[in-house]
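I have placed the structure first, in the form of structure tokens, so that the comments after it can refer back to it.
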Amino acid sequence: MRTQIVAGNWKMNKTLSETEVLLSELSAKIPDTHAQVIVAPTFINLAAAQNHLQSSTIHVAAQNMHFAENGAYTGEISADMLLDIGLDMVILGHSERRSLFGEDDALLAKKVDTAIGKGMTAIFCFGEELDERKSGNHFSVVENQLKQALFHLEEKAWGQLVLAYEPVWAIGTGETASPDQAQEMHAFIRKTIAEAYNSSVANNVSILYGGSVKPGNAAEIFSKPDVDGGLIGGASLKADDFIAIVKAI
Ligand code: 13P
């Protein structure tokens, strides 16, 4: 059985005091669930979040990290810094990191290597842009992203990977991939991994969908056989919405 996951990517939102309020609400309202629930506050609030959630079942992830061990990388955060405050999960390759901060799959391959080497779990994001879908290239775009960032990994590293398919045209736009579009792509991703590795690797990796998941559409998206949960942006910033999405899995 693959792990079902609902993860909230808070992006550049919530001050420390707002973080504490949201975490208190989430801790109070979190239902009993078979799913792993993750929140990813901004860097500066990670230690406080980790502290706050010590006795909670909610896990904390970072939204990014650098690939280097340490050194002259002004403004960056290392894997050891995350591990030292008790975090072992990191989101890598989010489309905003790719489009706004110039991250490409070659760089992301290095970040993934560091995360895996440090014993962390990488939540690896990828997905096509609108023009790529319109021109019918979405499958080859996704296949290339996986190949370039992940397919150099040894089979055993896949136990430390979670995939998050986030079509860029559905992020923050209110436009969601239909449940059938999500299922079609997730099945394609699994087939691509099975061809590069084997069916056991493909069947064991959790593949999350991200892009305008809301309380009203989560259950139908999550009901698809190859969708193992969601990476939630906007709706993870409101306790009631995020909890409703957790309940939908
Ligand atoms: P929205 O849920 O706001 O569309 O964001 C999705 C996302 O980017 C999660 O990482």
[X] to [Y] - nearest heavy-atom pair and separation:
X	Y	answer
Thr33	Val37	CG2-CG2, 4.1 Å
Ser212	Thr176	O-OG1, 3.4 Å
Ala219	Ala248	N-CB, 3.8 Å
Tyr197	Glu154	CE2-C, 4.3 Å
Gln148	Ala109	O-CB, 3.8 Å
Val168	Gly127	CG2-O, 3.9 Å

Derivation and outcome, side-chain contact (heavy atoms from CB on, under 4.5 Å), residues Glu96 and Ile171: CA-CA 10 Å; Glu96 288 144 20; Ile171 295 178; 3.7 Å; yes
Pairing donors with acceptors under 3.5 angstrom, does anything connect the side chains of [X] and [Y]?
X	Y	answer
Gln63	His94	no
His52	Ser24	yes
Glu155	Asn198	yes

For a salt bridge (Lys or Arg N to Asp or Glu O under 4.0 Å) with Glu128, tell me which candidate from Arg133, Lys134, Arg98 qualifies. Arg133
Fellow cluster residues of Phe101, listed by chain then number, with links counted only when side-chain atoms sit under 4.5 Å apart: Leu100
ILVMFWY cluster membership beyond Leu107 - transitive side-chain contacts under 4.5 angstrom: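 Its cluster partners, ordered by chain and number, are Phe67.
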Is it true that [X] and [Y] have a side-chain N and a carboxylate O under 4.0 angstrom from each other?
X	Y	result
Asp241	Lys214	no
Arg190	Asp228	yes
Lys118	Glu69	yes

Could you tell me the separation between the [atom1] atom of [X] and the [atom2] atom of [Y], rounded to the nearest 0.5 Å?
X	Y	atom1	atom2	answer
His138	Glu143	NE2	CD	12.5 Å
Leu26	Asp240	CG	CG	9.5 Å
Glu184	Ser178	CD	OG	8.0 Å
His66	Glu76	NE2	CD	5.0 Å
Leu22	Ser236	CG	OG	7.5 Å
Ile245	Lys247	CD1	NZ	12.0 Å

With the side chain counted from C-beta on, respond yes when [X] and [Y] share a heavy-atom pair under 4.5 Å apart, and no when they do not.
X	Y	value
Glu132	Phe139	no
Gln50	Leu87	yes
Val60	Leu46	yes
Gln36	Met89	yes
Trp10	Thr42	no
Ser206	Thr3	yes
Met65	Leu92	yes
Asn64	Phe43	yes

Side-chain heavy atoms under 4.5 angstrom apart, residues restricted to Ile, Leu, Val, Met, Phe, Trp, Tyr: same cluster for [X] and [Y]?
X	Y	answer
Val162	Ile189	no
Ile30	Phe242	yes
Leu208	Val90	no
Tyr209	Leu146	yes
Ile221	Ile123	no

Short side-chain to backbone donor-acceptor contact, Asn45 and Lys14, under 3.5 Å: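 Present.
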Parallel, tilted or perpendicular: which describes the rings of His186 and Tyr165, with under 30° parallel and over 60° perpendicular?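 His186 and Tyr165: perpendicular rings.
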